[in-house]
Structures are given as structure tokens and as C-alpha cells.
Amino acid sequence: MAINVDNIPTIARSTFTRRETRLKDMPLFMGLSKKDLEEAIVHTHCNRKHHKKGSVITAEGKQCDSLFFVSEGWVRITTENDNHAYRMEETIQAPIIIEPDKLFGMTTLYHSTYIAHTTCEVLEITKDEVMRLIEQYLIVRLNLLNIICRRTQHLEHLPWTPCNDNAVDAITAFIKAHVHYPAGKKVLYIKMAQLAKELGYGRLEISKALNALAEAERIILKRGIIEIPALQLL
């Protein structure tokens, strides 16, 4: 049954419109007709929470049993390698959907930790609700498939990229291979000796390459830290 927004009381209608606007920005709902979107909003149980700056939205290793959508604010994403020898931090502006591919498959644990860098508004939809939505709406099903396929195709392409001819290219490729989003500010916490080990270059070669990138203003070097102001310009 179609929802007539005009029949909703004024205050409730305002809340309904704000919620509709937020959900329209969610990749899962993109392409839904106005009728289907209104219907989905009314019948989908969705928890809305405001996270203060510094609070954890969800953490690495936590079971993914809900879909988190950050509709407002900035999020800091921290990802560590398996032996905690280095980590990457990214600061991303909403809207962001958090690791939707972790809802299904053999590994349903979050890969990274997501912290509110500013005050954030987060919508949470349980896995059961997501299952109902993908069963009811073909567009939602296709959107989720597209999100997962895009990630899979990106990972499939990585082993086939050309080998790097020099240490500068190797460092650039290493950074780009360890991020969630291919733009914006990134901070890599890694010791120079560890980076040399990861890339198979000598420590001196890595040092010269890092200094060359810093002189070109593509990175900012600090002790044990490589700051990338804008990854798209690296």
C-alpha cells in the first residue's frame, strides 16, 4: 500500500522527510522509486544514534550483525596489519556505509575500527531487516550486489598491477593498497625499517624516496609517521 505523506501529522511528516532524505543517500536505497522508498521507510526498523566525537561506532573484530550507515559527520577509520607492526588512519566525510560485505560470507567480523571524528549521526539496520529488504526490493538486492562486486573486482585487480620500477612508486602503491577510500587525508604509522621490509627495498632507498615525496609536498614526514594530506594527489 502506498504511503500518503500528506496524511502524516506535521511534526511526524518533518521527521519522515528528514529520514527519507538520509536513506536516499544510502547506497542500499539508491534508485528506489519514491513510492518504494516511502514504503521502506515506514516498514523498516532503523535505529538512529548520535555519536559524540571520539566514541567508537564499531570496532575491528566485532561481529557484523547490523548495517551501519553514517549519514552526518566525519569518521576516522583505523586499520592495523595482523601483527600490529603498522596501521593506517583515514578521515572520511559522511555519507558512509560501513563494510556491508561483512554481513555475509565466512568472515563476518569487522576489519577496521570506526571512530566518530566529529559528532556523527548513525543509522543502524539489523541483518534481519536487510534480508527482508533485499528479498522485497530488487533494486536493494542489486545495490548490495554492486557494492560487494566492486570490492571483489578491486581486490582481484591488485595482484595484476604492473611492478614498481622504483622506491617512490612502491611506497605510493603500498599506501593506495591499504586504504578504504581512494581520496582524502591518510596517516600511515610505520617505522622506516618496517616499510623497507614490507617493500623489499633497503632502508636507505626508502629514506631517499620518502624525502623526495616530502620535498615534492606529496607527504609530510614525522618520526614513525607518514601523513598524506590528499591521497588523490599522491
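If you read the sequence from its start, that first residue is 1, and numbering goes on from there. The figures that follow rest on heavy atoms only: side chains count, while hydrogens, waters and symmetry mates do not.
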**Student:** Would the distance check show the side chain of Gln232 and the main-chain N or O of Gly184 forming a donor-acceptor pair, the cut-off being under 3.5 Å?
**Tutor:** yes
**Student:** Counting N and O atoms only, with roles assigned by atom type, does the side chain of Lys35 sit under 3.5 Å from a partner on the main chain of Leu32, one being a donor and the other an acceptor?
**Tutor:** no
**Student:** Run the side-chain contact (heavy atoms from CB on, under 4.5 Å) check on Ile190 and Ile226 step by step: do they pass?
**Tutor:** CA-CA 7 Å; Ile190 189 169; Ile226 302 170; 4.1 Å; yes
**Student:** Which atom names give the shortest non-hydrogen contact between Ala170 and Tyr201, and what distance separates them?
**Tutor:** CB-CE1, 3.7 Å
**Student:** Going from CD on Gln136 to CZ on Arg141, what distance comes out if it is rounded to the nearest 0.5 angstrom?
**Tutor:** 10.5 Å
**Student:** Measure from the side-chain N and O atoms of Glu135 to the backbone N and O of Arg132, and report whether any donor-acceptor pair falls under 3.5 Å.
**Tutor:** no
**Student:** Between Lys52 (side chain only) and Cys120 (backbone N and O only), is there a donor and an acceptor less than 3.5 Å apart?
**Tutor:** no
**Student:** Whether the side chain of Thr172 engages the backbone of Val168 through a donor-acceptor N/O pair (distance < 3.5 Å, no angle test) should be reported.
**Tutor:** yes
**Student:** Does Leu103 share a hydrophobic cluster with Ile134, counting links as ILVMFWY side-chain heavy atoms below 4.5 Å and allowing steps through other members?
**Tutor:** yes
**Student:** Looking at side-chain heavy atoms only, is the closest gap between Leu188 and Phe174 below 4.5 Å?
**Tutor:** yes
**Student:** Would you say CG of Asp82 has more than 12 non-hydrogen atoms from neighbouring residues, nucleotides or ligands within 6.0 angstrom?
**Tutor:** no
**Student:** Got a donor-acceptor contact below 3.5 angstrom from the Thr108 side chain to the Phe104 backbone?
**Tutor:** no
**Student:** Check the pair Glu60, Tyr110 against side-chain contact (heavy atoms from CB on, under 4.5 Å), reporting the backbone distance first and the verdict last.
**Tutor:** CA-CA 5 Å; Glu60 176 192 359; Tyr110 286 107; 5.6 Å; no
**Student:** Go through the side-chain N and O atoms of His180 and Ser112 and say whether any donor and acceptor fall under 3.5 Å apart.
**Tutor:** yes
**Student:** Can you find a heavy atom in the side chain of Leu144 that is under 4.5 Å from one in the side chain of Leu28?
**Tutor:** yes
**Student:** Strictly below 4.0 Å, N to O, side chains only: are Glu124 and Lys49 in salt-bridge contact?
**Tutor:** no
**Student:** Say whether Tyr86 and Leu210 are linked into one hydrophobic cluster, either directly or through other cluster members, by side-chain heavy-atom distances under 4.5 angstrom.
**Tutor:** yes
**Student:** Supply the atom-to-atom distance Gln63 CD to Thr58 OG1, rounded to the nearest 0.5 angstrom.
**Tutor:** 10.0 Å
**Student:** Tell me, yes or no, whether the heavy-atom count around Lys208 atom NZ, taken from other residues, nucleotides or ligands under 6.0 Å, exceeds 12.
**Tutor:** no
**Student:** Would you say that His178 contacts Thr79 through its side chain, given a criterion of any heavy-atom pair below 4.5 Å between the two side chains?
**Tutor:** no
**Student:** Would you say the side-chain atoms of His84 pair up with the backbone N or O of Glu80, donor to acceptor, closer than 3.5 Å?
**Tutor:** no
**Student:** Is any side-chain N of the basic residue among Arg87 and Glu89 closer than 4.0 Å to the acidic one's carboxylate O?
**Tutor:** yes
**Student:** Rounded to the nearest 0.5 Å, what separates atom CD1 in Ile171 from atom CD1 in Ile219?
**Tutor:** 7.0 Å
**Student:** Once rounded to the nearest 0.5 Å, what's the spacing between atom CD1 of Ile220 and atom CD1 of Ile228?
**Tutor:** 9.5 Å
**Student:** So, does Thr118 use its side chain to make a donor-acceptor pair with the main chain of Gly73 at under 3.5 Å?
**Tutor:** no
**Student:** Yes or no on side-chain contact (heavy atoms from CB on, under 4.5 Å) for Thr126 and Asp65, after CA distance, side-chain angles and deciding distance?
**Tutor:** CA-CA 6 Å; Thr126 65; Asp65 50 20; over 6 Å; no
**Student:** Starting at CD1 of Ile147, measure out to CD of Glu99 and round the result to the nearest 0.5 Å.
**Tutor:** 12.5 Å
**Student:** May I ask you to test the His117-Val75 pair for a side-chain heavy-atom distance under 4.5 Å?
**Tutor:** no
**Student:** Can the ring centroids of Phe29 and Phe69 be said to lie less than 6.0 angstrom from one another?
**Tutor:** no
**Student:** Under the criterion side chain to side chain donor-acceptor pair (under 3.5 Å), I'd like the reasoning laid out for Asn143 against Asn146: C-alpha separation, chi angles, the key distance, then a yes or no.
**Tutor:** CA-CA 5 Å; Asn143 284 339; Asn146 283 332; 4.6 Å; no
**Student:** Let me confirm one number: the OH-CG distance from Tyr137 to Leu142, rounded to the nearest 0.5 Å.
**Tutor:** 14.5 Å
**Student:** Is there a side-chain contact between Ser71 and Glu121 (heavy atoms, below 4.5 Å)?
**Tutor:** yes
**Student:** Working note: Met88 + Glu90, criterion side-chain contact (heavy atoms from CB on, under 4.5 Å); need CA distance, chi angles, decisive distance, verdict.
**Tutor:** CA-CA 7 Å; Met88 177 71 77; Glu90 308 175 57; 4.2 Å; yes
